[in-house]
Structures are given as structure tokens and as C-alpha cells.
Asks: 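Handing you a structure now.
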Amino acid sequence: MTVVEELAPGAPGPGALTKVRQGPPPEPRAPEPRRISNNRVKGDRVFLGSSYLSGLVVLFIMVAVGVFLTFEALDALRAQGASFLTTSEWETDRGKFGIASIMLGTGLVALVAVGVAMPIAMGTSLFITNIAPAKVRGFLVGMVDLMAAVPSIVYGLWGAYFFQGMAVNVARWINTWLGWMPWFSVNGADPSNPNGSLTVYTASIFVAGVVVALMVMPIQTSVMREVFSQVPIGEREGAYALGGTRWGVIRIVSLPFARGGIIGGTMLGLGRALGETIAVALILSASFDLKFRILESGGNTVSKLIADQYSEASGFGLSALFAAGLALFAITLIVNFTASWFVARSRSGAESDG
Amino acid sequence: MTPRRARLATLAAAITAVGAILLLTLHPAGAQASYTRISGEGSSWSAGFMDAMRVNVKQFGITVDYNPSGSTSGRKNFLNGTVDFAASDIPFQFQPEDGSAPENPAAGSYAYMPITAGGTSFIYNLKINGQRVTNLRLSGENVTKIFTGVITNWNDPAIQADNPGLKMPDKKVVPVVRSEGSGSTAQFSLWMIKQHGALWNDYCQRSGRAPKCGETSFYPTIPGMIAQSGDLGITGYVTQGFAEGAIGYVNYSYAIGAGFPVAKVLNNAGYYTEPTPQNVAVSLLQARINTAPGDDYLTQNLDGVYSDADPRNYQLSSYSYLILPTKVQGQFNEAKGRTLSAFSYYAMCQGQNQSASLGYSPMPINLVSASFDQIKKIPGAEVQNINVASCNNPTFSPDGKNLLAETAPFPSECDKIGQTQCAKGSGGAADQDTPVSGGGDGGGGDGSSGAAATGSTTEATTAGNTTSATVCDPDTGECTVANGSSGKASTELASASPTTLQGDSGWGSAQTLAVLIGALVLALVFVPAVMWRNLSNKQGAP
């Protein structure tokens with residue numbers, strides 16, 4: 001447009017054209033960008049405002065919980081200082097308490113839970129998305145969701161009164177053959193005695209962890225299922241066309257595509273396992289030893305400690321429990337944020353779509 | 001039109017009928033709704049009795065919620081004002097000996113009311129040759145040693161000495177204790193301090209509670225112990241199949257309910273007894289009740305129970321209390337006081353009649369009368385003029401004596417120390433006999449003890465056959481002659497003695513061979529295939 005305007009006054013000819021071209025380049029007038037204004041109707045504005053508000057409220061509640069916990073925990077934290085992180089005992093009335101053993105216990109229960117749940121969740125979600133016939137698929141999805149809907153006290157009672165009796169035999173077997181690994185050893189167990197007591201294997205982190213695994217499995221399955229179902233159909237069909245077997249397609253196409261989702265789903269499950277309370281409280285026998293022996297009876301987790309003691313704790317004891325809760329709150333936040341980052345990254349699917 | 005009208009008429013009739021039914025059912029409920037719902041929390045030791053009372057008073061429209069979360073929790077929430085009343089086995093701890101935070105209720109804001117009595121019993125799960133033991137006996141010292149980790153195996157000579165009729169198995173002892181603050185823990189620790197203080201103090205040091213814990217509601221644990229919450233939690237753990245070798249302390253009623261035996265504990269008269277309602281009534285005759293008016297009115301001092309020399313005494317007997325509010329405080333108000341008073345009257349009067357069948361012991365007349373006075377202190381209480389004699393309480397007699405204690409049967413001769421124990425089961429397993437043998441190869445095995453054991457067997461057998469113990473039913477007062485059931489047929493079983501075999505420990509040559517065989521089988525399948533592929537590849541390559 002601009003060139004045509006410059007040319008217009010001059011005579012049409014090659015000289016003129018050259019002349020004009022040789023002249024100083026014309027200042028291009030900056031075009032006024034069209035103002036894009038959004039004339040929102042009233043409904044839009046109300047909706048926008050309320051969604052902003054609810055988003056902010058969630059954020060505010062999270063921050064408020066953190067602030068409240070910190071405020072309540074100050075008494076105990078100030079009294080204990082750094083030794084709060086390194087002490088194993090929990091005797092608040094004697095001023096000797098810390099989260100070393102209970103944090104370790106929390107972590108171990110969660111690790112056992114995720115270790116058991118993750119392979120099952122992966123298998124289930126792969127079966128649902130890749131193998132199961134379409135008719136069965138909906139039913140299976142419903143069943144997994146139903147597992148998530150079972151209250152945890154039910155899992156706890158089932159675990160304490162039924163499953164534990166079975167699990168101790170497994171624990172004994174593991175201890176007998178793999179007891180040379182320090183974390184599978186059990187103090188006071190005597191595998192060589194066929195008449196030996198099974199009680200040393202009860203009320204252990206292992207039993208609690210396996211029961212918690214049942215509770216975290218549904219959430220892991222649903223996240224993984226979601227990601228597996230987003231695997232580009234073109235790539236899968238391409239792989240089949242090249243003569244890939246079903247396992248080959250899953251290995252070459254599905255798993256790499258869904259890697260982020262698998263990690264994220266696993267970590268979401270980990271976040272839930274860290275906070276699981278009532279089932280653990282029913283099964284685990286409280287002890288404050290700093291130990292890795294998961295098959296041995298006794299252990300503790302932060303949420304179990306709080307559930308056990310909040311109703312009888314004095315003012316200072318309550319503050320100490322808040323401090324433990326704060327530590328769990330922080331760790332759960334970190335785990336969940338990491339998880340959602342992984343999930344979000346995998347869902348873009350950019351690296352595999354091209 | 002006509003069919004429609006008919007339909008309308010039917011509908012109208014149906015509505016009327018439903019309405020009439022609703023009115024009929026709702027009417028009594030409407031009359032009863034005048035009682036405000038109340039809530040209590042505390043002792044799980046007395047929860048069996050409390051639950052029975054709660055169910056019973058439903059018929060009067062009284063709704064009582066009760067949360068058996070432990071005495072400590074009950075007292076704390078009573079102080080916080082979040083429950084209307086508390087149930088606790090021990091009074092408020094103004095100066096706790098174990099260093100926990102003191103409880104400081106305002107003077108005159110509460111009143112103790114003894115609600116039921118019972119025995120802290122030792123429920124256990126033990127088998128010899130696959131057969132459940134139901135007649136275990138333990139001396140007080142051995143009980144203390146078990147719960148302080150000194151005795152760790154059931155075949156300990158000290159336990160064997162208590163049970164000459166059993167061949168104690170080589171099984172780990174697993175003490176199961178309360179994980180939360182509990183009145184039964186406090187009573188049990190108090191008994192251990194008074195009777196076996198050195199053992200308890202030594203244990204406290206080993207468990208890391210320096211230098212001594214004193215009477216405590218929180219059981220100190222060492223590795224090897226299992227902590228469970230509530231009497232129900234302990235019972236639930238001990239009664240499971242895998243828990244062989246476990247022993248826990250719960251109220252007698254829980255053992256009855258679970259159908260499990262309790263250990264008979266040795267008393268000062270040299271008899272092993274269990275906390276039957278009658279035995280508890282006898283034992284608590286020696287409890288000193290604080291009758292000085294004040295905040296500690298009606299609290300118990302059990303020293304006399306521990307030192308009692310009656311053959312029927314069970315040392316771990318005690319009263320359990322309700323803590324009643326005497327001021328409007330927290331969420332408690334006068335309307336709730338009215339409900340609480342009605343509930344308390346029922347529990348203290350008619351309710352006591354039922355306690356023996358639950359495994360608790362009914363209250364004696366002096367405590368029932370004193371409790372009636374305590375109920376009057378509740379704000380809003382609806383005072384009932386109850387003639388104590390009309391309560392149908394099995395302990396009452398016209399001359400004021402405790403009838404239940406008077407008629408309590410004496411223990412059989414086979415319950416005496418040194419005698420071969422009775423075959424008859426205890427607690428909830430009273431109908432299951434455990435065959436006993438006259439010592440046989442048990443114990444030392446030298447000539448003299450063998451002779452003594454044989455002698456006692458004969459004696460016990462004759463005692464079992466001839467003396468037919470008179471058993472009086474606590475409810476009806478009817479006395480029947482119970483024939484001692486002879487365990488003659490099953491005595492043969494007991495003569496088999498458990499043998500400890502030297503088992504293999506983990507990996508041995510058999511396991512190595514098994515792995516080798518597995519590897520060879522795999523090799524047989526895969527090696528030819530792989531070899532062939534490699535060979536053909538080489539040949540195929542130019």
C-alpha cells in the first residue's frame with residue numbers, strides 16, 4: 001500500500017521509479033492497531049468474577065491452613081528447635097519429642113503402599129485401555145472407581161481383622177528367605193522354629209502399607225488410564241501396521257508417551273498414602289523406634305500419631321501435634337505439586353504428536 | 001368418572017390408614033422426646049456396662065451417646081466442655097506421677113459416682129499341641145514379669161511352676177497393652193507399683209522413661225510389645241488366629257464376650273482366682289472409699305484389696321466412675337442434667353441387676369445410696385425418691401450385708417497353689433476344659449518333684465470327682481450343685497508333650513539344589529534355541 005502511494009505522484013516511467021527508489025526510505029507510519037475491546041455481557045462478568053473468587057478462596061484456604069498450623073506449632077517448635085527433626089521419641093510432657101521416627105514411618109508406609117499399588121495400577125490401566133473389550137471397559141472403570149469410594153475405616157477393619165492373618169504368612173516367608181537384607185530382618189523372629197510365633201510380623205509397616213496400597217490404587221489407575229487413553233491412535237496403528245505385537249506397541253508407543261502420567265499418577269498416590277490415617281491407626285502398633293525393618297511389628301506415622309493423641313493431648317502436646325501436622329502438610333504439598341507438574345507436562349503430548 | 005372416583009376413594013383411604021399408623025407410632029415418641037440427647041466419653045473398661053445401659057434406657061426415650069475412647073480422653077474432654085459427662089476408672093490427676101500435664105478441674109464442678117465394678121483380667125491366646133489352653137494360672141509376680149518384658153517365653157520355669165498340670169510350650173510371650181491414655185493402664189500400673197515396685201521401676205528405666213514412671217495412664221512400651229487402642233482393640237488382637245502367645249489386659253466382660261479364657265491370678269490366700277462378679281464383690285469389701293465430703297468424695301483406695309487374705313479375692317478388682325457435672329458448663333445445661341439424672345438413676349438402680357451377666361459386679365448398697373446423693377448435685381436433676389431395696393440388686397440383703405459376697409463360692413481345691421490345676425476353663429471359655437496331667441516330665445524331673453506331682457494328681461482327681469462345688473447364680477440367688485466335669489477322656493491328649501525340633505534356618509543345601517534344578521530346566525528350554533539361532537546366523541552370513 002505504502003509503495004503505491006509513493007509512486008502515485010511521479011510520472012510512470014523507469015527513471016521516475018529509480019529516482020523514487022534512490023531517495024531516502026519513507027518513514028513508515030505506524031499503523032494504529034485496532035483496539036480489541038471485549039464488551040462483556042453481565043452474565044460473563046458475574047461468571048468471571050465468581051470463578052476468580054473461588055480460585056482465590058481455594059488458594060487462601062491453603063495458605064490459611066499453613067499459617068494456622070505454623071502459628072499453633074510455634075510453641076513446640078520454639079521449645080524444640082532443630083532437634084524436632086532429629087528426635088525419635090514423642091514425650092511432649094517431658095519436652096523430648098521429634099518427628100525423626102514418625103516421618104521415617106510415614107515414608108516407609110507410603111513407599112510400601114506405592115510399591116505394591118503402582119504395578120497393579122499400571123497393569124489395570126493398560127488392560128482397560130489397550131486390551132479389554134469395549135463392553136467390559138466401562139464396567140472395569142466403574143469397579144476401580146468403586147474401590148476409591150470405599151471408606152478407609154472399612155479397609156482398616158478388613159486389614160486388621162482379616163488381611164493381617166494372611167499377610168503375616170507372607171511376611172514370614174519374606175523374612176525367612178530375604179531376611180539377610182537389613183530392611184527385611186525382624187528382631188525376635190526365629191524362622192528356623194516351625195512353631196515360632198507369628199505375632200512378631202503383625203501390626204507392621206508392611207501390613208499397613210499393603211492395606212494403604214488398596215486405597216491409593218484407584219487414584220493411580222484413573223490418572224494412568226487417562227494418560228494411556230490419550231496415546232495418539234495414529235502412532236499406535238502405525239506400529240501395528242509395521243508388524244508390532246501388542247506388547248511391542250505398548251512398550252514402544254504407549255509407555256514412552258505416558259511416562260509423565262505414570263510418574264505423576266504414582267506420586268499422587270504417594271501423596272494420598274502419606275496422609276492415610278484410620279486404616280494405619282487400626283493396624284499399626286505405635287512405637288517410636290528409628291528403624292527400617294518393615295516386616296517387624298510396630299511403627300508410627302504422622303497421621304496415626306495425631307489421631308491417637310489429639311483427644312488426650314494437653315495444650316503443649318497439642319502444639320507438638322500441630323508441628324508434626326505442619327511437617328506432613330509441607331511434604332504432602334511438595335509431593336502433590338511435583339505430581340501435578342508431571343501430569344501436566346505429559347498431557348500436552350507435544351513431543352509425541354508430531 | 002366412576003373408576004376415577006373409586007381410585008380417589010382408595011387413595012383417600014390409604015392416606016388415612018398411613019396417617020393413623022404414623023400417628024400411633026409417633027405419639028409415644030412425641031411424649032418421650034422431652035429428654036434432651038446427652039453425650040459422654042471415657043473408659044473403655046466400663047464400656048460394656050455403659051452400652052447395655054444406653055440400650056436399656058432407649059425405651060424411656062433417653063438417648064445417650066457414649067464414646068469409649070479411654071479414661072484420659074474422657075476426663076480431658078469433660079474439662080474442655082465438649083461432652084456432658086465422663087466415665088473414668090481413676091479420679092482427676094491433679095499431680096500425675098508420670099510427669100504428664102496435671103488436670104485442674106474447678107473445685108465443686110464435678111462429682112464422682114461409682115457406676116460399676118469389675119476386674120482387670122488377662123486375656124490370652126495359647127495353644128498346646130494345637131489345643132487351646134483355658135486354665136492358665138499366673139502369680140502376680142509372673143504377671144508383672146510378663147508385662148515388663150522379664151519373662152519372654154511361655155516355657156519359662158516360673159510360669160511352668162504356676163501350671164504343674166500343663167506342659168508349657170516354647171512360644172514367645174507377646175504382651176498387648178493399651179496405646180492410648182487409659183484408666184485400666186493406670187490401675188494396672190498402680191497394682192504393679194504397690195505389689196512389685198522394683199520390677200516396675202526397673203522396667204520404666206529400660207523403656208526410656210527415666211527415672212521412674214509411677215502410676216501412669218500411658219503404658220511405656222519396649223520392642224516386642226503390641227499396643228492397641230481400647231479394650232476392644234486388645235481383645236481383637238489377642239483373639240485372632242495368628243496371635244498365639246499373646247496376652248493382654250482387659251475388663252473381664254470383654255473376655256466373656258470374646259469367648260476367650262482369662263488367666264487366674266494368685267492371691268494372698270494361695271488360690272488362683274478369676275474376676276467373677278462374686279469374687280470382685282468379695283474383693284471390693286476391702287476397698288476403702290473416701291467418705292470425707294469434698295471433691296474426692298467416693299474415690300477408692302485399693303490397698304486393702306491387694307492385701308486381702310480371703311481365698312476368693314481377686315487383686316485387680318476396682319470400681320469405675322462416672323464424672324458428673326455439678327455446674328452448668330461447656331455445652332452442658334439443665335435440660336441435659338435432667339436426662340443425665342434419669343440415666344444415672346436407671347444405671348444405679350435397675351441396671352445393676354444386669355451387670356453380673358455382662359461380666360461386671362453389681363454395686364453394694366452403701367455406694368448405691370451414696371450415688372443417689374451424688375445424682376442430686378447435677379443441675380436440673382429430676383430427683384427420684386427410690387427405695388433402694390426395690391432396685392432388685394443382687395448384692396442387697398435385709399440386714400445390709402453384701403449378699404453377693406456372702407454367697408460367693410469358694411475356689412475349688414484344685415485352684416490352690418501347688419495343686420495340679422483344674423481342667424475347667426475360665427472367663428469366656430468356661431465350657432472348654434483343658435486336659436491336665438500330673439506334671440509327668442514337666443519341670444525339673446528329679447525324683448522328689450515327680451513324686452509330689454503324682455501325689456497331687458491323685459488328690460486333684462479325687463477332689464474333682466467328689467467335691468461338687470455349689471454355684472449360686474447372682475441373678476436369681478438360686479444355688480445349684482454343679483458336678484465337676486471330669487476331663488478323663490481328654491487326659492490322654494495332654495500326656496503328649498510338645499517337642500522342640502531343630503529346624504532348618506533359611507538357606508540350606510536343599511534350597512541350593514532347587515535353584516540349580518530350576519536353572520537347568522530353564523537352560524534346557526532356552527539354550528538350544530539360542531544356540532541354534534546363533535549358529536544359523538553364522539552360517540547364513542556370507
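This is a predicted model, so every value here is computed, not measured. Sequence lines set the chain letters: A, B, ... in the order given, protein chains first and strands last, and positions in each chain run from 1.
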Asks: How many angstroms lie between CD in Gln309(A) and OG in Ser179(B), if you round to the nearest 0.5 Å?
Replies: 9.0 Å

Asks: Tell me the closest heavy-atom pair linking Tyr161(A) and Gln240(B), and the distance in Å.
Replies: O-OE1, 3.3 Å

Asks: Can you tell me if OH on Tyr310(A) sees more than 12 non-hydrogen neighbours from other groups inside 6.0 Å?
Replies: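 No.
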
Asks: Thr199(A) and Tyr237(B): which non-hydrogen atoms are nearest, and at how many Å?
Replies: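 Taking Thr199(A) first and Tyr237(B) second, the nearest heavy atoms are O-OH, 3.6 Å.
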
Asks: Given heavy-atom pairs under 4.5 angstrom as the criterion, report whether the side chain, backbone, both or neither of Ala313(A) touches chain B.
Replies: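 Backbone only.
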
Asks: In terms of heavy-atom proximity below 4.5 Å to chain A, should Glu244(B) be classed as side chain, backbone, both, or neither?
Replies: backbone

Asks: Heavy-atom distances under 4.5 Å only: say whether Leu157(A) touches chain B with side chain, backbone, both or neither.
Replies: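 Answer is neither: Leu157(A) stays 4.5 Å or more from chain B.
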
Asks: Considering only heavy atoms, which portion of Lys96(A) lies under 4.5 Å from any heavy atom of chain B: side chain, backbone, both, or neither?
Replies: side chain

Asks: Return the minimal non-hydrogen interatomic distance between Gln228(B) and Ile283(A), and the atom names on each side.
Replies: NE2-O, 4.3 Å

Asks: Does any heavy atom of chain A fall under 4.5 Å from the side chain of Ser100(B), the backbone, both, or neither of them?
Replies: both

Asks: Less than 4.5 Å to any heavy atom of chain B: does that hold for the side chain of Ser287(A), its backbone, both, or neither?
Replies: neither

Asks: Side chain, backbone, both or neither: which part of Asp289(A) has an atom under 4.5 Å from a heavy atom of chain B?
Replies: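 When you check distances to chain B, only side chain atoms of Asp289(A) fall under 4.5 Å.
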
Asks: Could you tell me which portion of Glu91(A) (side chain, backbone, both or neither) has an atom closer than 4.5 angstrom to a non-hydrogen atom of chain B?
Replies: side chain

Asks: Would you check if the side chain of Glu312(A) reaches a backbone N or O of Gly181(B) as a donor-acceptor pair within less than 3.5 Å?
Replies: yes

Asks: Once rounded to the nearest 0.5 Å, what's the spacing between atom CZ of Phe242(B) and atom CE of Met166(A)?
Replies: 10.0 Å

Asks: Taking all non-hydrogen atoms of both residues, which atom of Ile226(B) and which atom of Ala203(A) are closest, and how far apart?
Replies: CD1-CB, 4.3 Å

Asks: Would you find a donor on one side and an acceptor on the other, under 3.5 Å apart, between the side chain of Ser285(A) and the backbone of Ala227(B)?
Replies: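 At least one qualifying donor-acceptor pair exists.
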
Asks: Would you give the length of the straight line joining atom OG of Ser297(A) to atom CE of Met225(B), rounded to the nearest 0.5 angstrom?
Replies: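 With rounding to 0.5 Å, OG (Ser297(A)) is 11.5 Å from CE (Met225(B)).
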
Asks: Using a cut-off of under 4.5 Å for heavy-atom pairs, which of Thr202(A), Val200(A), Asn175(A), Leu284(A) has the most such pairs with chain B?
Replies: Thr202(A)

